[in-house]
J.: 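One structure follows; several queries about it will come next.
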Amino acid sequence: MFENYDLDLSSAWPRLWLIVPQTTRDELGSAREGFDSAARLAGWSVLYLVLACWWWPAALIALVGGTAALIRGRAGIDAFAQLVESAVDVHGRDLAEALGIPCPGQLEPAVGLQITRALRKRT
């Protein structure tokens, strides 16, 4: 739940993604790639740690790689989260209007709750 707007971001994100401009998508993709890169580095660090059972220098490589992955991962996910929050701040009103929910000013919790109710499909 996106607390500031009473918006369920997991339900709203796919629809929001469809209406944001390509430049926003590119920025989000770039930030996500930074996090993905850190995750790959963490994976390689784990593999080097396993290799350290037979070759001790691999433990140093794993330690350095794991530390770098942690630092890069935190920075990458922080950048991605800030961009997602910004996308909701800037385009949340557009989402409401695209769904036929009146939003005369900025996105507010009452409108966010209406969006959430509209997007959560009950089976």
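Residue numbers run from 1 in the order of the sequence given. In this text, all values refer to a predicted model and were calculated from it rather than measured experimentally.
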J.: Could you state the interatomic distance from CG (Leu28) to CH2 (Trp13), rounded to the nearest 0.5 Å?
T.: 4.5 Å
J.: Using every non-hydrogen atom in the two residues, find where Ser45 and Gly66 come nearest and quote the distance to one decimal.
T.: OG-N, 2.9 Å
J.: Say you draw a straight line from OG of Ser10 to CZ of Arg120; how long is it, rounded to the nearest 0.5 Å?
T.: 7.0 Å
J.: Tell me whether Leu51 shares a hydrophobic cluster with Leu49, the cluster being built from Ile, Leu, Val, Met, Phe, Trp, Tyr side chains joined at under 4.5 Å.
T.: no
J.: Any side-chain to backbone donor/acceptor pair from Arg93 onto Cys103? Under 3.5 Å, distance only.
T.: yes
J.: Around atom CZ of Arg15, are there more than 12 heavy atoms from other residues, nucleotides or ligands closer than 6.0 Å?
T.: yes
J.: More than 12 non-hydrogen atoms from neighbouring residues, nucleotides or ligands closer than 6.0 Å to CD on Gln22, yes or no?
T.: yes
J.: What pair of heavy atoms forms the shortest contact from Leu41 to Ala68, and how long is it?
T.: CD2-CB, 3.8 Å
J.: Quick check: are there more than 12 heavy atoms from other residues, nucleotides or ligands sitting under 6.0 Å from CZ of Arg25?
T.: yes
J.: Taking all heavy atoms of Leu95 and all of Ala12, pick out the closest pair and write down the distance.
T.: CD2-CB, 3.9 Å
J.: Gln82 versus Asp78: any side-chain heavy-atom pair under 4.5 Å?
T.: yes
J.: Below 4.5 Å, heavy atoms only, C-beta onward: do Leu99 and Leu119 meet side chain to side chain?
T.: yes
J.: Can you tell me how far CG of Leu18 sits from NE2 of His91, rounded to the nearest 0.5 angstrom?
T.: 13.0 Å
J.: Grab the two heavy atoms, one from Gly92 and one from Leu16, that are nearest each other, plus how far apart they are.
T.: N-CD1, 4.4 Å
J.: Do the side chain of Arg32 and the main chain of Phe80 share a donor and acceptor less than 3.5 angstrom apart?
T.: no
J.: Heavy atoms, side chains only, cut-off 4.5 Å: are Thr24 and Val90 in contact?
T.: no
J.: Under the 3.5 angstrom rule, does the side chain of Ser37 hit a backbone N or O of Glu33 as a donor-acceptor pair?
T.: no
J.: Would a hydrophobic clustering, with Ile, Leu, Val, Met, Phe, Trp and Tyr connected at side-chain separations under 4.5 Å, put Ile19 with Tyr5?
T.: yes
J.: Near Trp17 CH2, under 6.0 Å, is it more than 12 heavy atoms from other residues, nucleotides or ligands?
T.: yes
J.: For residues Gly112 and Leu107, report the shortest heavy-atom separation together with the two atoms involved.
T.: N-CD1, 4.1 Å
J.: Which heavy-atom pair separates Ala42 from Ala69 by the least distance, and what is that distance?
T.: N-CB, 3.6 Å
J.: Are Ile61 and Trp54 connected in a single hydrophobic cluster, I mean Ile/Leu/Val/Met/Phe/Trp/Tyr linked by side-chain heavy atoms less than 4.5 Å apart?
T.: no
J.: Rounded to the nearest 0.5 Å, how far apart are CD1 of Ile101 and CG of Leu113?
T.: 9.5 Å
J.: For the side chain of Thr116 and the backbone of Asp8, is there at least one donor-acceptor N/O pair under 3.5 Å apart?
T.: yes
